[in-house]
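All remarks here apply to the structure that follows.
Here is the naming used below: chain letters follow the sequence lines, and residue numbers restart at 1 for every chain.
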2 protein chains.
Amino acid sequence: MITFRDKTYRCTSEIVLSLVSGKWKIAILNELAKGPIRYNELRRLLPDATQRMLTMQLRMLESDGLISRKVYPVSPPKVEYDLSELGKQLAPMLLVLCDFGTTYIESYPDEVSRTNQKHA
Amino acid sequence: MITFRDKTYRCTSEIVLSLVSGKWKIAILNELAKGPIRYNELRRLLPDATQRMLTMQLRMLESDGLISRKVYPVSPPKVEYDLSELGKQLAPMLLVLCDFGTTYIESYPDEVSRTNQKHA
DNA sequence: CTGTATCCAGATTGATACTG
DNA sequence: CAGTATCAATCTGGATACAG
């Protein structure tokens, strides 16, 4: 048993799941993996996320130390999000998750379909 | 974009998260990794899980094809759970999750504490 | 441009009691 | 032994409007 930030877990993998589980966290991390990005760019890339949800997920990723938020004191406001050092270390793990996901769905080929998605 | 079992995902890693996210799933998978096990043994190993929750999580893992449920037609009833072939392939991925979890909490050493837990 | 505030629906988790 | 049933609490995600 391990206690971390007042919650108990039976395995450190459970902590990791709590870090990346959330409606838009994977999507955000995948976008940030391409480089720093501003809030509204992210909105455009993830048009189905409401402002509220996007902000909430960003705040969680930030307080968990996986991303950084930099405010430029200019007008109009400019805020840039980026992966933290810790966040950058997530990449190999996310790749393993993707890989297993791919392996997994290949076991159920009839239940899968793919669509291209435009980022209008 | 990918559609699988009537839900859409932006990355196969999101599918994997849906497979293993759930109050007791990781704990169950970790126990099953040691070998097949009966329902009540599992209850003893995970005393904080209610019967209802344990059953629900087992059913989900089963319908996702990660574990098998074998009923022995004897009296008293005997039900044994085991990893499926697909479930066995989870092991390396779970290890990567654990590893990142360990790396992660080492970045916040002051917020961590460990306790031994008895399976009374 | 980058957010908050308010209100709400549905899903998830849980306590407790009961059953073939 | 291996579950179900019922009811309730909490948590997550969302629609919409407003603000510095």
Side-chain angles (χ1 to χ4, degrees), chain A residues 5-10 14-29 31-32 36-64 67-82 119, chain B residues 5-11 14-15 17-29 31-32 36-64 67-82 119:
Chain A
R5 293 173 180 158
D6 300 331
K7 293 191 180 176
T8 59
Y9 304 88
R10 277 162 304 282
E14 293 184 341
I15 298 177
V16 180
L17 288 180
S18 74
L19 296 178
V20 299
S21 292
K23 192 71 182 178
W24 299 96
K25 288 187 184 176
I26 294 285
I28 292 169
L29 292 170
E31 294 300 338
L32 291 196
I37 191 171
R38 294 179 63 173
Y39 182 78
N40 262 20
E41 293 183 71
L42 212 43
R43 283 195 67 193
R44 255 178 281 115
L45 293 172
L46 306 174
D48 291 341
T50 62
Q51 274 188 301
R52 172 186 141 89
M53 285 309 300
L54 194 53
T55 301
M56 283 179 60
Q57 304 291 306
L58 285 166
R59 292 286 186 277
M60 284 191 244
L61 290 169
E62 187 193 3
S63 71
D64 285 335
I67 69 175
S68 65
R69 176 174 182 271
K70 183 165 185 185
V71 181
Y72 295 84
V74 297
S75 180
K78 173 177 174 180
V79 176
E80 208 166 59
Y81 293 93
D82 196 3
H119 309 152
Chain B
R5 292 175 180 158
D6 300 330
K7 292 191 181 176
T8 58
Y9 304 88
R10 276 163 303 284
C11 174
E14 292 185 340
I15 299 176
L17 288 181
S18 74
L19 295 177
V20 300
S21 292
K23 191 72 180 177
W24 300 96
K25 288 187 184 176
I26 293 286
I28 292 170
L29 291 171
E31 294 301 336
L32 291 195
I37 191 171
R38 295 179 63 172
Y39 181 78
N40 264 19
E41 292 183 71
L42 212 43
R43 282 194 69 194
R44 258 179 277 116
L45 293 171
L46 306 174
D48 291 341
T50 62
Q51 274 189 303
R52 172 185 144 86
M53 284 310 298
L54 194 53
T55 302
M56 284 179 60
Q57 304 292 307
L58 284 166
R59 293 285 187 277
M60 284 190 245
L61 289 169
E62 187 194 2
S63 70
D64 285 336
I67 71 175
S68 65
R69 177 175 180 271
K70 182 164 187 185
V71 180
Y72 294 84
V74 297
S75 178
K78 174 176 173 179
V79 177
E80 209 165 59
Y81 293 94
D82 196 4
H119 310 150

For DNA chain C, what residues of residues 15-23 of chain A have any heavy atom nearer than 4.0 Å? none
Nearest-0.5 Å distance that lies between atom CD1 in B:Ile28 and atom CD in B:Glu62: 11.5 Å
How long is the gap from CG on A:Leu46 to CG on A:Leu54, to the nearest 0.5 Å? 6.5 Å
Interatomic distance, NZ@A:Lys70 vs CG@A:Asp82, rounded to 0.5 Å, equals 10.0 Å
As a test of reading the structure: which of C:dC1, C:dT4, C:dT13 is closest to the side chain of A:Asn40, going by heavy atoms? C:dC1
Just the rounded figure in Å: distance from P of C:dT13 to CD1 of B:Ile28. 11 Å
Could you work out how much the helix from C:dC1-D:dG20 to C:dG20-D:dC1 bends, comparing the axis of its first five pairs with that of its last five, to 10°? 50°
What's the separation between atom CD1 in A:Ile15 and atom NZ in A:Lys7, rounded to the nearest 0.5 Å? 11.0 Å
For DNA chain D, determine which residues of residues 72-82 of chain A have any heavy atom closer than 4.0 angstrom to one of its atoms, and list them numerically. A:Pro77
Note: chain B reaches DNA chain D at heavy-atom distances under 4.0 Å over the stretch, first to last nt, 5' to 3', of D:dC1 to D:dT6
Given 3.5 Å as the limit, does a donor-acceptor pair link the side chain of A:Lys25 with the main chain of A:Gln57, or not? no
For B:Leu58 and B:Ile67, the nearest pair of non-hydrogen atoms, with its separation, is O-CD1, 3.5 Å
With rounding to the nearest 0.5 Å, note down the distance linking CD1 in B:Ile26 to CD in A:Glu14. 6.5 Å
Please give, in whole Å, the distance from C:dT13 P to B:Arg59 CZ? 17 Å
Value in whole Å for how far the C1' atom of C:dT2 lies from CZ of A:Arg69: 8 Å
Closest nucleotide of DNA chain D for B:Gln51 versus for A:Gln51: which of these residues is on the 5' side? B:Gln51
Scan residues 15-24 of chain A for pairs that pass side chain to side chain donor-acceptor pair (under 3.5 Å), counting only residues two or more places apart or in two chains. A:Ser21-B:Ser21
Look for any protein N or O under 3.5 Å of an N or O in nucleotides 5-11 of chain C and output each such pair with its distance, or none.
none

So B:Leu32 and B:Leu61, side chain to side chain contact (heavy atoms under 4.5 Å, CB included) or not? Walk me through it. CA-CA 11 Å; B:Leu32 291 195; B:Leu61 289 169; 6.0 Å; no
C:dC1, OP1 or OP2 - any side-chain N/O from A:Arg43 closer than 4.0 Å? no
B:Pro77 and B:Arg38 have their tightest heavy-atom pair at O-NH2, 3.5 Å
Write down the distance between CG (B:Leu58) and P (C:dT13), rounded to a whole number of angstrom. 14 Å
Whole Å only: how far is the CZ atom of A:Arg38 from the C1' atom of C:dG3? 13 Å
Let me know the distance between NZ of B:Lys25 and C1' of C:dT13, rounded to the nearest Å. 13 Å
Non-hydrogen side-chain atoms of A:Gln51 and A:Tyr39 separated by less than 4.5 Å: yes
Is any side-chain N or O of B:Trp24 closer than 4.0 Å to OP1 or OP2 of C:dT12? no
Rounded to the nearest Å, what distance is computed from the CE atom of residue A:Met56 to the P atom of nucleotide C:dT4? 11 Å
Nearest heavy atoms of A:Ala27 and B:Arg10, plus distance in Å: CB-NE, 3.5 Å
Counting the atoms with a prime plus P, OP1 and OP2 as sugar-phosphate, which does A:Gln57 contact under 4.0 Å by heavy atoms, base, sugar-phosphate, or nothing? sugar-phosphate
Rounded distance (nearest 0.5 Å) linking atom CG of A:Asp48 with atom CE of A:Met53: 12.5 Å
